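Here the structure comes first, spelled out in structure tokens, and everything after it is commentary.
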There are 2 protein chains.
Amino acid sequence: MKSTRNTTAKSAIQLLLQQSSVALSHKDIQNEVGKLCNRVTIYRILDRLVEEGEIHKIINTDGVIKYAPCNQCESHPNHNHDHVHFSCVKCDTVTCLDNVQPSYNLPPDYKVQEVNFTLSGICPNCIK
Amino acid sequence: MKSTRNTTAKSAIQLLLQQSSVALSHKDIQNEVGKLCNRVTIYRILDRLVEEGEIHKIINTDGVIKYAPCNQCESHPNHNHDHVHFSCVKCDTVTCLDNVQPSYNLPPDYKVQEVNFTLSGICPNCIK
DNA sequence: TAGGAAATGCAACTGAATTGCATTAGTTTT
DNA sequence: AAAACTAATGCAATTCAGTTGCATTTCCTA
Ligand SMILES: [Mn+2]
Ligand SMILES: [Mn+2]
Ligand SMILES: [Zn+2]
Ligand SMILES: [Zn+2]
């Protein structure tokens, strides 16, 4: 089997994501890590972290991909990130609402594998 | 006020979308209309149709944008397309499930403007 | 049917993401 | 601790979706 290694860049990016209260895009991360590693490496590290189940992708309403840690993955190994994301149009942040799960009634014969649920609007910080 | 014109390309693209059972990407449309008009024109027509409320955008799970007619817009002028989309990983189609509306309980102080809800998995056509 | 504005075509450009390949650096084995 | 194996990285080139500027055409209406 092929193994995965712990490199300084990977650890730094993982820590960055874990300590962030909002989801981060590739560009956010690049700005943050500076010259620690090449931008291509950031893409590859993000892919690896997704692969390993450490983080998950969020496709924002403007098409930009953001990343956030998987908080429930340890407790629910085979879950499908079926929580709500909120994208604020004012401060341009994306937040995982880990314990907001939508309910819906699908017609029969649809087999759901993944859920991507993003609401956009004004977040509590920007509402006042 | 600035007016909008009915051109052959616009009518053709609108008809194409209305007659399709699945959402179409820019590339799908380009393949379909052939040399009827330039690819830039397709982008501009799609923008215009969105602007006019004739069609709506769907950001697929792979980041590709697809377009589908707004079926409820006439009856509910100010609705926010809060229906579910299903993206099949096998046949790579995106379908509007116009009458599947999710419910969810947001914490207070979030003001929702738009909903983007896409499920991915296996569609009824591909399940057997 | 003539004038003005909207729409189009074309070429160039942008920005995100991917690929190939040579080099570097973690990890395991001796 | 050194060698060996291979995952990970850097760099340059490439792909792909979408945008922009500008000259030209087409639609609409007065
Ligand atoms: Mn999340
Ligand atoms: Mn739809
Ligand atoms: Zn905000
Ligand atoms: Zn299918």
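Just so you know, these numbers come straight off a predicted model, no measurement behind them. Computed over heavy atoms, backbone and side chain alike; hydrogens, waters and symmetry mates excluded.
Looking at heavy atoms from C-beta onward, Ile122(B) lies in side-chain contact with Val89(B) at the 4.5 angstrom threshold.
Between Ser3(A) and dA8(D), a side-chain N or O to OP1/OP2 separation shorter than 4.0 Å is absent. Contact annotation: Arg48(A) reaches the phosphate of dA8(D) (side-chain N/O to OP1 or OP2, under 4.0 Å). At least one side-chain nitrogen or oxygen of Asn38(A) sits closer than 4.0 Å to the OP1 or OP2 atom of dC11(D). Distances shown here put every side-chain N or O of Thr4(B) at or beyond 4.0 Å from the OP1 or OP2 atom of dA6(C).
Here Lys10(A) pairs with Glu52(A) in a salt bridge; the nearest charged N to carboxylate O distance falls below 4.0 Å.
Rounded to an integer number of Å, the gap from Lys10(A) NZ to dA25(C) P is 18 Å. Atom C1' of nucleotide dG18(D) and atom CG of Leu46(B) are separated by 12 Å, given to the nearest angstrom. Distance, Arg39(B) CZ to dT20(D) P: 14 Å, rounded to whole Å. Tyr67(B) places its OH atom 6 Å from the P atom of dG18(D), with the value rounded to the nearest Å. Distance, Ile65(A) CD1 to dC16(D) C1': 14 Å, rounded to whole Å. Between the CD atom of Glu52(B) and the P atom of dA7(C) there is a distance of 8 Å, rounded to whole Å. A straight line from CG of Asn6(B) to P of dC28(D) spans 6 Å, rounded to a whole angstrom. Rounded to whole Å, atom C1' of dA16(C) lies 13 Å from atom CG of Asp47(A).
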- So Val84(B) and Tyr110(A), side chain to side chain contact (heavy atoms under 4.5 Å, CB included) or not? Walk me through it. CA-CA 12 Å; Val84(B) 170; Tyr110(A) 284 95; over 6 Å; no
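Of the candidates dA11(C), dG26(C), dG4(C), dG4(C) carries the atom nearest the Arg5(B) side chain, counting heavy atoms from C-beta on. For Lys27(A), counting side-chain heavy atoms from C-beta on, the closest listed nucleotide (dC27(D), dA16(C), dT8(C)) is dA16(C). When distances run from any side-chain atom of Arg44(A) to the nucleotides dC21(C), dT18(C), dA5(C), the shortest one goes to dC21(C). Nearest nucleotide to the side chain of Tyr43(B), out of dT19(C), dA17(D), dT8(C): dA17(D). Proximity note for Thr41(A) (side chain, C-beta onward) versus dG10(D), dG26(C), dT19(D): the nearest is dG10(D). Listed nucleotides dT8(C), dA8(D), dA17(C) differ in distance to His26(A); the shortest reach to its side chain belongs to dA17(C).
For the pair Thr8(B) and Val40(B), nearest-nucleotide mapping onto DNA chain C gives the more 5' position to Thr8(B). Mapping Ile42(A) and Gly63(B) onto DNA chain D by nearest heavy atom places Ile42(A) at the nucleotide closer to the 5' end.
Both Leu97(A) and Leu119(A) are part of a single hydrophobic cluster, where members link through side-chain heavy atoms under 4.5 Å apart. Linking Ile, Leu, Val, Met, Phe, Trp and Tyr whenever their side-chain heavy atoms come within less than 4.5 Å puts Ile29(B) and Leu36(B) in one cluster.
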